[in-house]
Amino acid sequence: MDFFISNVNYITGENIGLYHLALPLGISFFTFQQISYLVDSYKGETTEYDFLNYALFVTFFPQLIAGPIVHHKEMMPQFAKTRNKVKNYRNIAMGLFIFSIGLFKKVVIADTFAVWATQGFDVATTLNLFEAWATSLSYTFQLYFDFSGYTDMAIGAALLFNIKLPINFNSPYKALSIQDFWRRWHITLSRFLKDYIYIPLGGNRKGEFRTYSNLMATFILGGLWHGAGWTFIFWGFLHGFALVIHRAWSKLGFKLWTWLAWLITFNFINIAWVFFRAKEWDDAVKVLGSMFSLGNIVLPNPLANKLAFLSSYGVEFGGFTSDLNAGKDLIVWLFVGFTLILFFKNSMEKLKSFKPNNKHLYFTIYALFASIIFLSAESEFLYFNF
Amino acid sequence: MYKKFILKLGIGLTVVFSLYSIFVLNFKMYYMDPEYPMWKEVKDRCLMKSNKVEDIIMLGDSRAKAGFKPTVAKNISAINLSVGGATPIEGYYTLKRYLANNPAPKNLIISYTPTHLSASDGCYFARTVPFDFFENNEYKEVEQLSLKFHTDYILKQHKSYLDYKFPMIYGQHFSDGIMHMRWLKNSVFYKYSKEERGYHWFGVKDKADQLNTEAKETTFIVSKLYDYYFKQLLNITKNKNIKVYFYIMPFNKSSFDAVNKNYVRDYEKYITKLSKPYHMKICNKVFSMPNTSFGDPSHLYHGVDKNTLKILNCIDNETLEKN
């Protein structure tokens with residue numbers, strides 16, 4: 001509402017007051033679930049369900065506020081199953097295991113990156129080249145570990161009640177194309193957008209131009225779902241546009257080397273997240289401008305002697321991470337971030353191979369211990385905002 | 001099999017958290033902030049019973065800690081009981097504890113920056129409480145007085161010293177301690193402070209051009225709580241017949257040039273007002289030393305010896321000549 005009013009004010013020069021409405025947490029998640037139920041009911045695709053189970057479907061706490069966005073077809077039969085009302089130690093053990101991974105991802109990894117992302121986006125007034133890239137990468141990692149961590153915890157908590165939630169992340173930063181990314185990132189959102197926006201608009205059945213415009217419309221709406229702001233809309237536009245380019249490119253039949261495909265995809269995602277994270281356009285411009293400006297290179301002091309000749313090209317030596325209030329640990333954590341997203345199995349793969357052995361026991365104890373220790377630092381889940 | 005896994009997990013977590021709790025509550029030297037050893041050294045020194053009458057005791061904040069080096073004072077017995085971030089609250093209890101175990105010193109020099117007499121920089125819950133600097137009854141007294149004076153110093157944080165009896169609150173300290181291997185540094189810092197009779201450096205740069213905290217302030221408003229404790233502190237010196245001085249630690253040149261003159265005037269006015277009823281001698285006004293004397297924008301480093309001699313010049317010679 002406020003977004004609409006502020007745009008009307010901007011265009012007409014009026015000064016209509018904003019409402020500053022307080023919205024409940026996770027409104028977009030439970031709204032989507034009920035939209036899908038209503039649409040499917042209208043189409044006659046829903047079975048007659050018990051009201052209590054329906055109420056449980058819309059209020060099931062593990063995934064209520066940050067997803068995964070569940071479909072009634074996959075949830076309500078589980079609620080109705082008598083077998084699911086019996087204590088199941090296997091599910092409890094698996095639930096605790098996956099919950100510990102999620103908590104660790106959120107509290108230890110995401111919250112560590114959050115400090116540098118916040119500093120770079122919201123506090124620092126200027127950034128050098130390294131700091132700008134470190135800021136954007138910190139947010140890229142923060143968002144993934146935060147959101148997928150929450151999903152893991154939701155899946156784990158649901159398993160304690162014998163309820164299986166759908167997979168929501170499948171190593172998205174390993175994607176080799178933007179289409180591949182959307183098959184791995186927030187999978188349940190992609191499924192919703194496809195089933196309830198893209199296909200009803202005609203999908204790819206009405207010719208190339210309509211396919212492209214449907215893709216654009218779907219992703220712009222997807223951007224708007226994340227937040228009422230032009231930066232979110234632009235982020236959706238960028239992704240829609242990238243999908244159009246990818247589709248056109250694929251038709252030409254060219255293939256890229258795997259490493260190049262990954263590099264382009266990852267960098268595009270990383271750059272697009274800058275708009276997603278920035279509170280204002282100016283913040284996005286500040287970070288992106290510094291990421292692509294060669295006039296603000298600062299290298300660490302210890303390199304000053306060996307690379308002194310670079311000074312004549314405008315390169316400075318000094319506190320190359322000082323605007324982020326960071327030390328060497330930033331570099332270590334960025335390395336850890338890349339290692340985890342590229343070379344490690346994701347939590348769903350780990351869950352599949354779960355066995356109640358000592359290796360998993362020690363890992364769970366460690367993950368829960370480390371997370372609870374880190375919990376003393378206050379933070380919030382990013383996707384509560386959407 | 002799965003039931004056994006859950007049982008083992010429960011037992012494992014209980015054991016790990018019990019060990020953690022014992023460790024964080026009893027072995028703070030191994031993981032705490034690098035300022036912890038400096039605070040502990042001051043506390044230990046105050047608790048150590050002795051009959052020695054010190055010529056000079058310095059009581060203040062981090063700038064006093066880094067600005068007065070007792071070992072520079074030849075033929076004079078001096079100690080520095082300042083702690084980083086301290087306000088008159090810490091000063092009062094430090095002196096009280098010192099006097100409970102030691103005879104009164106001949107001279108007491110007090111030094112607090114304007115910031116540590118006005119707004120809180122969060123030191124109380126960042127250091128005083130987690131570092132176990134006070135006893136429970138002292139914490140209680142501070143909290144009650146904070147309520148009495150309606151100061152937001154304690155209240156705004158919605159915390160109590162009792163929160164720090166809960167081991168989980170030390171999680172961040174513990175993890176930072178492990179990551180930075182603080183057990184190695186902390187024992188070195190403690191030993192250094194002890195050998196230097198309470199002096200410790202903060203910044204160690206050769207030059208500090210940046211501005212200190214005061215250079216960014218515009219109005220000086222004294223906290224009622226700090227004012228109360230400052231007066232209590234001065235009451236002790238009056239009752240024990242200790243000669244008391246107030247020394248303003250130097251600003252670096254950059255900060256001195258930038259600081260708001262009204263801010264400085266109000267700070268000096270406050271100190272002057274306090275000096276008369278308590279016979280506190282004011283050694284100096286706000287002054288500057290070159291940026292090269294500072295190890296960071298706030299703390300002296302290379303300039304400490306010179307500043308120590310300036311402080312000694314302020315002390316009445318007759319109190320020192322008897323040695």
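Values reported hereafter were calculated over all heavy atoms of this structure, with side chains retained and with hydrogens, waters and symmetry mates removed. The chains referred to below are lettered A, B, ... by the order of the sequence lines, with proteins before strands, and numbering in each begins at 1.
For B/G10 against B/T14, the heavy-atom pair with the smallest separation is O-OG1, 2.7 Å. For the residue pair B/P250 and B/S288, the shortest heavy atom distance occurs at CB-C, 4.4 Å.
A/H360 and A/F354 have tilted rings, their planes meeting at an angle from 30° to 60° on a 0 to 90° scale.
Salt bridge annotation for A/D111-A/K106: present, with a cationic side-chain nitrogen under 4.0 angstrom from a carboxylate oxygen. With respect to B/K40 and B/D44, a salt bridge is recorded, a charged nitrogen being found less than 4.0 Å from a carboxylate O. Ion pair B/E214/B/R63 flagged as a salt bridge, since at least one NZ, NE, NH1 or NH2 atom sits closer than 4.0 Å to an Asp/Glu carboxylate oxygen. Salt bridge status for B/K253 with B/D257: present, with a side-chain N to carboxylate O gap under 4.0 Å. For A/D122 and A/R277, the salt-bridge test passes: some basic side-chain N is under 4.0 Å from an acidic carboxylate O.
For A/N358, the part lying under 4.5 angstrom from a heavy atom of chain B is the side chain only. Only the side chain of B/I6 comes within less than 4.5 Å of a heavy atom of chain A; its backbone N, CA, C and O stay farther away. Both the backbone and the side chain of A/L361 come within less than 4.5 Å of a heavy atom in chain B.
Of the candidates A/M348, A/K350, A/M153, A/I98 forms a side chain to side chain contact (heavy atoms under 4.5 Å, CB included) with just one, namely A/M348.
Expressed to the nearest 0.5 Å, how far CH2 of A/W133 lies from CG of A/L127 amounts to 13.0 Å.
Contacts of residues 17-38 of chain B with chain A at a heavy-atom distance below 4.5 Å involve B/F17, B/Y20, listed in sequence order. The stretch residues 174-193 of chain B places B/F174, B/S175, B/M179 near chain A, each with some heavy atom under 4.5 Å from a heavy atom of that chain.
Side-chain rings of A/F79 and A/F60 approach one another, their centers coming within less than 6.0 Å.
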